[in-house]
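A quick write-up on the structure given underneath.
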2 protein chains.
Amino acid sequence: MSRLNELRMIARVAQMYYVEKQRQADIAKHLRMSQATVSRMLKKAQEEQIVRTTVVAPSGTYAELEAGLREHFGLSEAIVVECSEDRDGAIMARIGEAAAHFLEATLQPDEIIGVSSWSETILRMVDNIHPMKSGKAKYVVQTLGGMGDPAVQTHANQLTTRLARLTGAEAHLLSAPGVAQSREAKLVLLGDPYVRETMDLFSKITLAIVGIGAIEPSSMLARSGNVFSSRELSDVTDAGGVGDISLRFFDSSGDPVRTPLDERVIGMTLEELSNVERVIGLAGGQSKTEAIRGALQAGVLDLLVTDKFTSARLLRSGPES
Amino acid sequence: MSRLNELRMIARVAQMYYVEKQRQADIAKHLRMSQATVSRMLKKAQEEQIVRTTVVAPSGTYAELEAGLREHFGLSEAIVVECSEDRDGAIMARIGEAAAHFLEATLQPDEIIGVSSWSETILRMVDNIHPMKSGKAKYVVQTLGGMGDPAVQTHANQLTTRLARLTGAEAHLLSAPGVAQSREAKLVLLGDPYVRETMDLFSKITLAIVGIGAIEPSSMLARSGNVFSSRELSDVTDAGGVGDISLRFFDSSGDPVRTPLDERVIGMTLEELSNVERVIGLAGGQSKTEAIRGALQAGVLDLLVTDKFTSARLLRSGPES
DNA sequence: CGGTGTAATGCATATTTATTCATGCATGAT
DNA sequence: ATCATGCATGAATAAATATGCATTACACCG
């Protein structure tokens, strides 16, 4: 049997088992196969990600940390997730789950979602969103161009598209590099009608989901490919930059770090972001602590989802002003 | 224990079970409780929405449409096939493929298959069946006579024979015209021992495969040759007939349309059909929509294979009684 | 304090699910 | 054609999970 039909069958079995809660033996009888086969199909359904199971820790577990974050940084909400170990992979997964859960729970009808389809944490979030039956959101808008590498571009587009499908929204992609070759090149790209259309939506976004990036040689180099020169990178660090949101950099007190690079980035600015009704920041992990602190100081976030270790660090060393 | 702590505990257990994939007994040992308690906590985790499981349909399949068809029309199964364009030729080909796959996957040993060797869609199905090495089915029974034209007769016989060969079954042909010249002629033909033998098998059929025909001047004339008078044709339409299965007509609410023609048809009746364990209907395309709806209302089908356009039409305009 | 009702727990076991094993079939090399 | 190999399948069975029932713990009340 063709692969598509096989997956179709598996999906059907999974539907009967998990949604309709029939027993394997009954499903087997219905579809004229053995119970063993049904069991195997269900296993395959897990492997193929046709069924996904997520565990969300009830929020409020770290009420004190959450309250601390809200208070110190003027957030309207903070979500601190349980996390067994202070390791980036595990942290991203848990933050993603919690963010997905939050999004599902609070998404309003006809919302326009902006997403900087860039961070692994956001990817984890999308992985954990469960499809919403009735179209909830209106548009999902990509707020930062892709990167030079077309494979990455595709990846970014897919993330945006998937999020749109899951929320029943229409995707508006930003088919441009995140960083243009020059200021002039950027102007040319902005002339593209599709790019313009998407960017015009920036001001209409009601809910923005952003990752927070740290400036570290390792991660920066890894992700920049060849779009940043090391000169530009040092411009940013020399000016005190500690992190970025959608490639807009800021220093440890949250003030924007303006460099010539800004002129080349195709994406939402911090100022545009601060006009959005709800801005959700997703980040955690040792290496991102200072970047997150900077982002919080910048005051663009309304909500932060982070892990218990990072939140403790944020509160410990800088109860601040 | 406080409710929050209880939920935390449940989340922890759920985490260990669903994410870390530990067994309940091990979790129980680790947390010093009984396996029964773990099981109960997991059940509670479901209720409290701490774990959520969703089934995502692989793209290119139409789980919602299938579910809709099952639900609205009380089918035990429905298969909706992908189809790039709403054009009869393409649709028949895809339906045929899917039906063939389904048949191969669910055919039981010693099954007695009835086939109204008449529609192009069924022909497409037979084209796509992969020979089964070990004799699976027992008999393939032709459930409707051929047509006056000997060439068509041959064609019908060949289809039946091919299906029999492919399934490793013995063919039982119905060597008679599908429509006798008169009631009396029919009685004479029924006297033939071979005809009788085949027709006696009708009640033993465990799996019937039928096409669904629309009543349209064009197709009717095309296929009728000179067996129907236009008078008889209008009898059927005047009585509200919208379609047929094996030349047994029904109206839009699925009620049989009885005309003198019935007395002349040599083939299985709708009533006989409804006694068959599994009845698979194959049909799709704009022109057949209402015929299919009638057939579904008649309640003789257990399974429908159709295309996405038609299934959408069936569900759109008539969420029905 | 004891009494009483409620809920939680663990044990034993029923039920359900996963796995092992033997078999049959297809595929591909020789 | 013949044989080896791998894969899918179902029957039997092992493993895992759910549940009935008795018991215990605990809160609340007189």
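Each chain gets a letter, A, B and so on, in the order its sequence line appears, and its residues count up from 1.
- Regarding M33(B), its CE atom lies at a distance of 13 Å from the P atom of dA8(C), rounded to whole Å.
- Checking dT19(D), dT17(C), dA11(D) against every side-chain atom of A36(A), the shortest atom distance belongs to dA11(D).
- Using a 4.0 Å heavy-atom cutoff across all strands shown, S39(A) reaches at least one base atom of the nucleic acid.
- The phosphate of dT19(D) has OP1 or OP2 within less than 4.0 Å of a side-chain N or O from K43(B).
- Between the P atom of dA11(D) and the CD atom of Q35(A) lies a distance of 11 Å, rounded to the nearest Å.
- Note: CZ (R32(B)) to C1' (dG10(C)) measures 16 Å, nearest angstrom.
- Side chain of E66(A) to main chain of V80(A): a donor-acceptor pair is present (N/O by atom type, distance under 3.5 Å, no hydrogens or angles).
- The NZ atom of K29(B) sits 14 Å away from the P atom of dC11(C) (whole-angstrom rounding).
- Of all the heavy atoms in N128(A) and A93(A), the pair that sits closest is ND2-O, 4.4 Å.
- One can place OH of Y17(B) at 8 Å from P of dA18(C), the figure rounded to the nearest angstrom.
- Taking side-chain N and O atoms only, Q24(A) has a distance below 4.0 Å to OP1 or OP2 of dA18(C).
- Spacing between atom CG of L31(B) and atom P of dT9(C) amounts to 12 Å, rounded to whole angstrom units.
- Between R70(B) and D302(B), none of the side-chain N atoms (NZ, or NE/NH1/NH2) sits under 4.0 Å from a carboxylate O, so this pair counts as no salt bridge.
- In this structure, R8(B) forms a cation-pi arrangement with Y62(A), its terminal cationic atom sitting closer than 6.0 Å to the ring centre and no more than 45° off the ring axis.
- One atom, CE of M41(B), and another, C1' of dG10(C), lie 14 Å apart when rounded to the nearest Å.
- Contact annotation: T37(A) side-chain N/O to dG10(D) OP1/OP2 distance is under 4.0 Å.
- In this entry the distance linking CD of Q46(A) with C1' of dT17(C) reads 13 Å, nearest Å.
- You'll find that the side chain of R23(B) is closest to dT17(D), out of dT17(D), dA18(C), dT19(D).
- Ion pairing of R32(A) with E277(B) is present here, as a side-chain N (NZ or NE/NH1/NH2) and a carboxylate O approach within less than 4.0 Å.
- Taking every side-chain heavy atom of S34(A) into account, dG10(D) is the closest of dT17(C), dG10(D), dG20(D).
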